[in-house]
Amino acid sequence: MIRIRIQEPIDFDMEDSGTDTAASSSSVSERNRPPVDDCCPICFGSFSAPCRGPCGHWYCGGCIMEYWNHVAAFRPCKCPMCSRLITKLTPEATLDQQQHDDDDDAGTRQILRSVRQYNCLFVGGACGFVLQVLQLPVFLKRLIQAMMDPDRPVAYLSRLRLVAVLLGALYTLSPFDFLPRWRYLDAIDLFDCSAIALSFGLYFVGLYSRRRRLRRLRQLAPASHFEVDM
């Protein structure tokens, strides 16, 4: 009696789909974390709280926030590698889990909070406008910090004067009349002069703060040299 063994056909489609799924999942995981053999293009060190831009480049979260604070105040910064606008920063997927596991990592929590504020400011559309209105204190803080930068004197004077002229025009058209009247100054001129005085005042405050920091560094430098000589 001859027994014939019929071999079940191999489902190559299922094997191919499983291979494709594994490959796609591995590629997604690779996109959600920085390359192992790469470094931050800003500090040239190992990644700390890494974040990815829309262009695919990775940066340290603290480095890209400091870079944004230095080069742009009210617009998204550009990627230092390809000059593409960074409208959204995506932190590494494991950062949230590490944040929940390590309650003492205050630096990572602060960086993630700054990244979320950055994403809210530049999300775009009607939702982005509402978020920008809600983040108005952040904008004002950044404006004051930018106007106190001695390296960019009166950088925002023209914008500030434009806002002052608009406020003066609104005050002139409104029924309110609580500002003092001068013979040669109307409301628009008063707001304009106030904007100029505010701009130069913040500039001199920033210059004075920088000189204080430099004086403090000069005082600390001899002590450090003495400790090295000892």
Side-chain angles (χ1 to χ4, degrees), residues 39-51 53 57-81 83 86 89 91 95 99 102-122 132 135-164 167 189-230:
C39 65
C40 174
I42 301 175
C43 67
F44 300 103
S46 301
F47 289 104
S48 176
C51 297
H57 293 118
W58 287 86
Y59 334 91
C60 296
C63 291
I64 195 62
M65 288 292 98
E66 289 293 332
Y67 179 70
W68 173 52
N69 289 328
H70 182 71
V71 302
F74 303 104
R75 62 182 184 276
C77 62
K78 295 182 179 180
C79 174
M81 298 291 291
S83 298
I86 303 176
L89 287 169
L95 283 181
Q99 180 182 2
D102 190 3
D103 296 334
D104 297 332
D105 195 358
T108 302
R109 290 199 300 270
Q110 179 63 33
I111 291 174
L112 292 177
R113 190 180 301 112
S114 300
V115 169
R116 284 193 294 268
Q117 288 182 349
Y118 182 92
N119 293 335
C120 289
L121 292 176
F122 305 114
Q132 287 181 1
Q135 295 292 332
L136 187 59
V138 179
F139 271 111
L140 294 177
K141 180 180 178 181
R142 292 184 58 80
L143 175 62
I144 295 175
Q145 291 176 349
M147 294 175 65
M148 291 175 59
D149 188 1
D151 294 331
R152 294 182 292 179
V154 297
Y156 298 93
L157 179 58
S158 59
R159 300 180 183 178
L160 191 61
R161 292 185 66 185
L162 179 60
V163 174
L167 291 177
D189 295 332
L190 180 60
F191 277 96
D192 190 19
C193 294
S194 301
I196 295 174
L198 177 63
S199 178
F200 280 99
L202 291 175
Y203 167 72
F204 286 116
V205 169
L207 193 63
Y208 175 73
S209 301
R210 171 175 288 187
R211 289 188 175 182
R212 286 192 60 184
R213 288 194 298 267
L214 290 177
R215 190 182 301 115
R216 182 178 178 84
L217 289 176
R218 293 192 188 100
Q219 293 175 357
L220 295 176
S224 62
H225 288 308
F226 178 75
E227 291 177 359
V228 172
D229 294 336
M230 292 297 290

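Predicted, not measured: the structure shown is a model, and the values here were computed from it. Computed from heavy atoms alone, side chains included, the values below leave out hydrogens, waters and symmetry copies.
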query = Rounded to the nearest 0.5 Å, how far apart are CZ of Arg161 and SG of Cys193?
reply = 8.0 Å

message = Just so I know, are the side chains of Ile86 and Tyr59 near enough to count as touching, which here means a heavy-atom distance under 4.5 Å?
response = yes

key: Distance in Å, Leu202 CG paired with Leu207 CG, rounded so as to fall on 0.5 Å steps   = 12.5 Å

remark   = Residues passing the side-chain hydrogen bond (donor to acceptor under 3.5 Å, both in side chains) test with Arg211, sequence neighbours excluded, are none

Listed partners of Arg213 passing side-chain hydrogen bond (donor to acceptor under 3.5 Å, both in side chains), at least two apart = none

query = Of all heavy-atom pairs between Cys51 and Pro91, which one has the smallest distance, and what is that distance?
reply = SG-CA, 3.9 Å

inquiry  = List the residues meeting ring-ring contact (aromatic ring centres under 6.0 Å, His included) with Phe191, not counting sequence neighbours, and say none if there are none.
reply    = none

request  = Report yes if some heavy atom in the side chain of Cys60 is under 4.5 Å from a heavy atom in the side chain of Ile42; otherwise report no.
outcome  = no

query = Looking at side-chain heavy atoms only, is the closest gap between Ile64 and Tyr118 below 4.5 Å?
reply = no

ask   = If you round to the nearest 0.5 Å, how far is CZ of Arg113 from CD of Gln117?
value = 8.0 Å

message = To check you understand the geometry: which heavy-atom pair defines the closest contact between Pro50 and Trp58, and what is its length?
response = CB-CE3, 3.8 Å

ask   = Given the rule in the side-chain contact (heavy atoms from CB on, under 4.5 Å) test, do Gln219 and Arg215 qualify, once you have shown the distances and angles that lead to the verdict?
value = CA-CA 6 Å; Gln219 293 175 357; Arg215 190 182 301 115; 4.0 Å; yes

query = What closest approach, in Å, do Gly62 and Ile111 show between heavy atoms, and which atom pair accounts for it?
reply = N-CD1, 3.8 Å

request  = For the pair Ser114 (side chain) and Gln110 (backbone), establish whether a donor and an acceptor sit closer than 3.5 Å, ignoring hydrogens and angles.
outcome  = yes

message = Just so I know, are the side chains of Met65 and Leu89 near enough to count as touching, which here means a heavy-atom distance under 4.5 Å?
response = yes

